[in-house]
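These notes are about the structure you will find just below.
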Amino acid sequence: MTQLYERVALIGLGLIAGSMALAMRRAGLVGEVVGTARSAETRAVATEIGLCDRICESAAEAAAGADLVVLCVPVGAMGAVAEEIAPHLAPGATVSDVGSVKRAVIAAVAPHIPEGVHFLPAHPLAGTEHSGPRSGFAELFDNRFCLLTPLPGTPGAVIGRYTALWQGMGANVESMDADHHDLVLAVTSHTPHLIAYTMVGVADHLRRVTESEVVKYSAAGFRDFTRIAASDPTMWRDVFLHNRDATLDILGRFTEELFVLQRAIRMGDGEMLHEYFTRTRAIRRGIIEAGQDTDAPDFGRAKTRG
Ligand code: NAP
């Protein structure tokens, strides 16, 4: 396969960067992968497990001479990292990010990008509740979407090259406007995470009443919520702080819908509940037909990751 980039720099070495390093190696599409992380501890782990070809002491050092730099830090840290690497970016390089929110990241990063360097924001729709340099795996992006939110005027060749890299890492790539991305993700990911955090919080309060029964008898529904609610606290704090409007909009709609169902239960309106659950079941079928999940029963005991 043709080499797409000579040197890729990954800034931040957690789940996403680690999976990218492994997926790029699997695809053989880049010359060298260099990486760096904020803490000496993460850099030491990354060195120990051979995550990248080379681990650098700082983001500035990693970015220097790279033709692709990918920011893989929490959304709230993107601006500071962009400011740090800006003077070291090679002319003609591409800078991208993997942040779960796009409009706020563009606002934080774009002002630091020097003339002659291309900023191409992206978001791979793949993840697990695990974090850190040991959590990555090469298959994370297989058959998942990676959404690009290019800024106006980005050359087609820059987009084409980065698209080819993500496709090489197994992803299906699509482009959309950053605001649209943030609204879609508020529905499909951000609000569901908030609901899971809330439900586990409710159970935690209840647990104080029923001792350990909530944990002991946790059935699939609650267990699934706890998996989502175990996601990285820093990452998710930043997602809600930086996708505020879209999340509040969807949360408002969610609350209204909850009242509709609450009323149906109170009124004993079984017909309404049955019709509602029939519609939601069809959505699940659509996701399976689109290849975004499998139909295999999972009672929380499957050994598969993701
Ligand atoms: P992660 O496993 O927690 O790793 C985060 C990395 O960022 C670590 O190397 C950490 O360094 C570094 N970091 C944290 N705070 C920082 C700061 N203030 N300044 C500089 N570096 C900092 O996170 P991840 O899951 O890979 O997520 C990374 C990005 O991908 C986030 O923007 C997230 O929104 C996005 N994303 C996540 C998922 C997911 O499901 N996890 C999916 C798609 C996109 P240390 O280890 O040294 O602390």
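Order of listing sets the numbers, starting from 1, for every ligand and every atom in it.
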Starting from atom 28 (C) of ligand 1, locate the nearest protein heavy atom and write down its residue, its atom name and how far away it is, to 0.1 Å.
Cys72 O, 3.4 Å
Just jot down the ligand 1 atoms closer than 4.0 angstrom to any heavy atom of Ser131, in number order.
1 (P), 2 (O), 3 (O)
Which of the atoms of ligand 1 are close to Gly14, meaning less than 4.0 Å from one of its heavy atoms?
1 (P), 2 (O), 4 (O), 9 (O), 26 (O)
Heavy-atom count around Arg279 CZ within 6.0 Å, excluding the residue itself: above 12?
yes
Name the closest protein heavy atom to atom 8 (C) of ligand 1, giving the residue it belongs to and the distance to 0.1 Å.
Leu13 N, 3.9 Å
Can Asp97 and Lys102 be counted as an ion pair, charged N to O under 4.0 angstrom?
yes
Please state which part of Arg43 comes within less than 4.0 Å of ligand 1, counting heavy atoms only: side chain, backbone, both or neither.
neither
Decide, yes or no, whether a salt bridge links Asp293 with Arg284 under the criterion of side-chain N to carboxylate O below 4.0 Å.
yes
Matching residue for Ile85 among Val117, Thr36, Val69 - test: side chain to side chain contact (heavy atoms under 4.5 Å, CB included)
Val69
In ligand 1, the atoms that come under 4.0 Å of a heavy atom of Gly99 are 32 (O)
For atom 48 (O) of ligand 1, what's the nearest protein heavy-atom neighbour? Residue, atom name and distance, please.
Arg38 NH2, 2.8 Å
With His181, which of Leu183, Leu185, Asp177, Val184 fulfils side chain to side chain contact (heavy atoms under 4.5 Å, CB included)?
Leu185
Just to confirm my output: which protein heavy-atom neighbour is closest to atom 40 (O) of ligand 1, and how far is it?
Gly127 CA, 3.3 Å
So for Ala126 against ligand 1, with non-hydrogen atoms under 4.0 Å, the contacting part is backbone
Residue and atom name of the nearest protein heavy atom (relative to atom 43 (C) of ligand 1), distance in Å to one decimal:
Pro124 O, 3.2 Å
Atoms in ligand 1 flagged as close to His123, the criterion being non-hydrogen separation under 4.0 Å
43 (C), 44 (C)
Taking only heavy atoms of Met78, which atoms of ligand 1 are found under 4.0 Å from at least one of them?
32 (O)
Pairwise ring-ring contact (aromatic ring centres under 6.0 Å, His included) hits with a residue in residues 226-259, at least two apart:
His190-Trp236, His193-Trp236, Trp236-Phe240
Under a 4.0 angstrom heavy-atom cut-off, which atoms of ligand 1 come close to Gly12?
9 (O)
Can you tell if the side chain of Pro74 reaches within under 4.5 Å of the side chain of Arg237, non-hydrogen atoms only?
no
Atom 33 (C) of ligand 1: which protein heavy atom is closest, and how many Å away?
Ser100 OG, 3.5 Å
Which of the atoms in ligand 1, numbered in the order shown and given with their element, are less than 4.0 Å from a heavy-atom of Val75?
32 (O), 34 (O)
Can you report which non-hydrogen protein atom sits closest to atom 14 (C) of ligand 1, along with the distance?
Pro74 CD, 3.3 Å
Check whether any side-chain heavy atom of Arg25 sits under 4.5 Å from a side-chain heavy atom of Asp53, and report yes or no.
yes
Within a reach of under 6.0 Å around CZ of Arg26, are more than 12 heavy atoms found that belong to other residues, nucleotides or ligands?
yes
Val200 with Leu258, same ILVMFWY side-chain cluster at under 4.5 Å:
yes
Looking only at protein heavy atoms, which one is nearest to atom 32 (O) of ligand 1, and what is the separation?
Val73 O, 2.7 Å
Contact list for residues 138-159, test ring-ring contact (aromatic ring centres under 6.0 Å, His included), sequence neighbours left out
Phe141-Trp166
Okay, side chain of Asp182, backbone of Arg103: is any donor-acceptor separation there less than 3.5 Å?
yes
Please confirm whether Ser135 comes within less than 3.5 Å of ligand 1 when only nitrogen or oxygen atoms on both sides are compared.
no
Side-chain H-bond candidate by donor/acceptor type, Thr94 with Tyr162, under 3.5 Å:
no
For Thr42, atoms of ligand 1 separated by under 4.0 Å from a heavy atom
45 (P), 46 (O), 47 (O)
Counting both backbone and side chain atoms, is some N or O of Leu15 under 3.5 Å from an N or O of ligand 1?
yes
Is the shortest N/O to N/O distance between Ile16 and ligand 1 below 3.5 Å?
yes
